[in-house]
Amino acid sequence: MPVGRPHRHFRTVGSTNQVARELAGAGAADGTVVTSDAQSAGRGRQGRQWSTPAGAALAWSLLLRRTVEVPGTLPLQIGVAVCETVEYLGVERARLKWPNDVLIDGLKCAGVLVEARPREGWAVVGVGLNLAVDEQDFPEELRGRATSVGHRIDPRSATTALNRFVEARLAAPVDSTLAEMADRDALRGRRVSWQAGPEGSHTGVAAGIDEAGNLLVETADGTVSLNAGEVHLGGSAL
Ligand code: BTN
């Protein structure tokens with residue numbers, strides 16, 4: 001089914017990803033989109049919270065049952081589609097901080113949370129996109145690091161655009177998404193630090209994305225490839 005058909009919209013929910021997961025369990029169709037004006041328990045990556053102030057941001061979740069050619073690139077496909085949506089809404093250039101933070105002028109305007117259940121044959125992809133969040137409405141730890149697309153953007157037209165760009169990205173060859181990602185790569189050439197394995201903290205210089213969607217990093221011991229599920233990038237990356 002095309003992305004956004006069917007579409008369930010709520011005034012407020014805990015988490016649109018949670019609602020979409022429950023719908024997946026109840027047999028909902030591929031392409032089902034869940035949106036809400038506000039979330040009371042929005043979830044971010046790595047167990048963080050995600051805030052969605054009423055009417056000022058999109059909380060959008062998509063249920064996928066279709067086969068994704070290279071599963072590791074799904075977050076990038078969605079991240080690129082969000083960049084394209086942000087530009088369609090009037091921003092000159094949106095960039096991606098691997099794996100899928102969307103940035104405007106270096107500040108985060110959107111995040112993507114993929115929750116996949118390969119054995120059950122589905123994945124829920126959640127996008128939180130700040131449309132017009134006032135600075136004081138961002139959680140304290142995000143102030144000065146987060147931004148919005150701009151004022152006077154109708155959340156319904158933003159949703160329609162996001163549906164359309166995600167549909168097109170999911171249908172596009174992975175190579176074209178990787179090329180778009182390379183063009184928008186906010187980390188390339190930057191020093192990054194990350195936590196992984198028993199040794200804990202590592203550091204190196206970001207050197208692009210490989211064909212599986214992993215981040216390449218040049219270190220003193222050679223180039224390593226980082227999987228988004230296994231690493232936690234440090235705050236010094238940008
Ligand atoms: C991140 O940490 O950057 C990812 C944030 C993802 C937030 C979105 S909002 C819609 C969907 N529902 C959730 O509970 N989380 C995602």
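FYI, side chains are in, hydrogens and waters are out, and symmetry mates aren't considered; it's all heavy atoms of this structure. All ligand and atom numbering here is 1-based and tracks the order in the structure.
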Considering only residues two or more places apart or on different chains, which pairs with a residue in residues 78-91 satisfy salt bridge (charged side-chain N to carboxylate O under 4.0 Å, His left out)? Glu84-Arg169, Glu87-Arg93, Glu87-Arg184
Salt bridge (charged side-chain N to carboxylate O under 4.0 Å, His left out) contacts touching residues 4-21 (sequence neighbours left out): Arg21-Glu115
Looking only at side-chain N and O atoms, does Asp30 offer a donor or acceptor that is under 3.5 Å from a partner on Trp122? no
Taking non-hydrogen atoms within less than 4.0 Å of ligand 1, which protein residues qualify? Ser15, Thr16, Asn17, Gln39, Gly42, Arg43, Gly44, Arg45, Trp50, Ala59, Trp60, Ser61, Asp101, Lys108, Gly111, Val112, Leu113, Gly126, Val127, Gly128
Who are the ring pair (Phe, Tyr, Trp, His ring centres under 6.0 Å) partners of Phe165, not counting sequence neighbours? Tyr88
Donor-acceptor pair between Arg143 and Gln136 side chains, under 3.5 angstrom: no
Can Thr35 and His7 be counted as having a side-chain donor-acceptor contact under 3.5 angstrom? yes
